[in-house]
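The structure under discussion appears below in the form of C-alpha cells.
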Amino acid sequence: MNSVHIGKLLPRYQRIARFCGTTMAKEQRQSDNKVYFHYNHTDPCKFARWTTRESFEFMHGRPWQEVADFYSNVVNGNLSLLQLFDEVQTHNNLDVAKLSEVCNRTDFEGTLKEDRSGRLERVTFKIVLSYHGCSFDGWQKQPGLNTVQGLVEQCLGRFVDERKAQLLKEKSKPLEGCAAVAGRTDKGVSALQQVCSFYTWRKDIRIQDIEDVINSTAPGKLRAVSISEVSRSFHPNFSAKWRRYLYIFPFNGGENREPSLRCGEEENILTENGHYGGQRDVSDELRWEGDDNNLIVRDDGELQGPKKSSTFTVCKVNRLLQQLEGKLLSYRIFARDTKASRSIGPPTECFMYHARAAEATIPQPHPGAGRTVMCIELVANRFLRRMVRVLVATSIREAAAGAEDDALLKLMDATCRRATAPPAPPEGLCMVNVGYAEFDPRNCIIP
C-alpha cells in the first residue's frame, strides 16, 4: 500500500479510535454511577444485615485452599471425611463403613440371569465416582473445558458396542459412551460418592476393566469408588431418594468470632464483669440506643443504624437450618440460573430431611492444631441450582444479623432473589453421597 492510500485511511482510523475512546469513557462513567438496588427487609434487624457486596467479601475472604486440599486428600483416600468430627463420631458411635454403605445399597442390584434378547441384552453399570472439584470445570460436558463427564465418557468409549461405534463414526463424532448422573456439580464442587450409569450391549466387559480405565485417566483427581451391574430400570437421577451435601466454612486465624456451642446447650453471653448472663436475646443484639459507638452517621447527619456485626455462632446457624427439617417448601428464592417465578418446568419444592451445622477441625498431616471450620450438612430429596451455596451464605448472614430462628422460612415468601445472599464459594461444597433407599436419620454426619 502506497503513501497516498495510507494518508486517506489515517483520518478514518483516527475517527474510529476517538469514537471507541469516547464510548469506553461513557460506559465507564455509567458503570461508576450505577445504582445497586437492595432488597428492602422489614424485620427489626434490617440495618444489621449485610448487603450483597458485604456478604460476598465476607464469604470469599477465607483460606479456601486448605478446604480444597482437605477434599483432595479425601478423594485420594489419605483422609476420611469423618475425621472432621472425631469428637462427634466418638460420642455418637457413628460407623464410617455404614455411612459409605448407604450409597451402595439399592433395590436395583443384580440383573436377570436367564438368556436375554433384544433390549434385555443391554447391560447397565452403576459407577460411583469420587473427584476433586477444583481440578475440573464442573461435571457437565462442555466444548473446550476439562469436565468430569467429558473424561468419564471418553473412558467409557472403549466399552460401547459395535453398532454404536459405527454410528458415531458415520456421524464423525468421537468414540464416547453416554453417562447419566445423579446430580450435576458446578466448577469447584467436589464429590465423594457421585453416582452415574452407563449401558452397553457388549457382554465381554469386566468391571475391573472399567475401573482401571477411569482410575488411570486423572490420577489423584478422579477415582472410581465402586462399579456394579444393575437392572435396566436403574437411573442415577430418577431412582434416587435423597442427596447429601456437606459445606465446610473455614474461620480465619485469630478471627474475632463468638464461641460455638454444641446443639442443645444454652447459648450464653460473656458480660463485662466476666460472668455469663442469661440466654441470648435477639433484642439485645439489635439495641443500639444510647451507644454512640454502634451508630453510623450518614452524609446528611442522620443516624442510619448500628454497625454490622461480622461475628456469629455456629449454634445460631444450626437453629436457623433446623427450621427447614421435615418440611416440603419451595426454594425458588434460594436458587440461581432459573426463573424465580415459573408456571412450567420442573417443580421448585424440595423436602429437607436433615439440616444441621456443627463446629469441626480440619485434620493436619503433621502435628499441630488444625483449621477450625463450620460444617453444614444438608440432606433433601432434590436440590435446585446453587441452592445449597445460597442457603449456606444466607444462613450465615442471618446469624450475624441476629435474625429470628425462622428467618429462612420467612424468606421463602420473598418476591425477589435479592432477599437472599449471593452463593457461597464452590470450594467449600461437596456432594457426599446419594441414597436409593429410604432416608434413615440415624445415618447422619452431624447429629
Looking only at the aromatic ring of each residue, does the gap between the centers of [Y] and [X] stay below 6.0 angstrom?
X	Y	answer
Y353	W242	no
F125	Y199	no
Y331	F383	no

- prompt: Is E349 salt-bridged to R382, going by a charged N under 4.0 Å from an acidic O?
  reply: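 The answer is no: the pair does not qualify as a salt bridge.
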query: Does R389 pair with D186 as a salt bridge, N-O distance under 4.0 Å?
result: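 A salt bridge is present here (some side-chain N lies under 4.0 Å from a carboxylate O).
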Spacing of R184 atom CZ and C196 atom SG [to the nearest 0.5 Å]: 14.5 Å
Within a strict 4.5 Å, meaning less than it, do heavy atoms of the [X] and [Y] side chains meet?
X	Y	answer
L324	L408	yes
P425	F249	no
I127	V195	no

query: Does the D405 side chain pair with the main chain of L320, one donor and one acceptor, at a distance under 3.5 Å?
result: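 Pair absent, no side-chain N/O of D405 close to backbone of L320.
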I'd like to know if the side chain of [X] pairs up with that of [Y] as donor and acceptor (distance under 3.5 Å, no hydrogens or angles considered).
X	Y	result
S330	T348	yes
N433	R244	yes
R418	T51	no
N237	R243	yes

task: Given salt bridge (Lys or Arg N to Asp or Glu O under 4.0 Å), test E54 with R49 step by step and report yes or no.
output: CA-CA 9 Å; E54 291 168 342; R49 187 173 283 109; over 6 Å; no
- prompt: For atom CZ of F56, is the number of surrounding heavy atoms from other residues, nucleotides or ligands below 6.0 Å larger than 12?
  reply: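 Result for CZ/F56: open.
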message: If you count every heavy atom of other residues, nucleotides or ligands that lies below 6.0 Å from K327 atom NZ, does the total exceed 12?
response: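 Check passes, neighbour count above 12.
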- prompt: With a distance cut-off below 6.0 Å to the six-membered ring centre and an angular limit of 45° from the axis, does R336 pair with F334 as a cation-pi contact?
  reply: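 R336 over F334 ring: no.
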Pairs where residues 65-82 contributes a residue and the test salt bridge (charged side-chain N to carboxylate O under 4.0 Å, His left out) is met, not counting sequence neighbours: E66-R371
message: Considering only residues two or more places apart or on different chains, which pairs with a residue in residues 151-163 satisfy salt bridge (charged side-chain N to carboxylate O under 4.0 Å, His left out)?
response: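 Counting only pairs at least two positions apart or across chains, the salt bridge (charged side-chain N to carboxylate O under 4.0 Å, His left out) contacts touching residues 151-163 are K141-E153.
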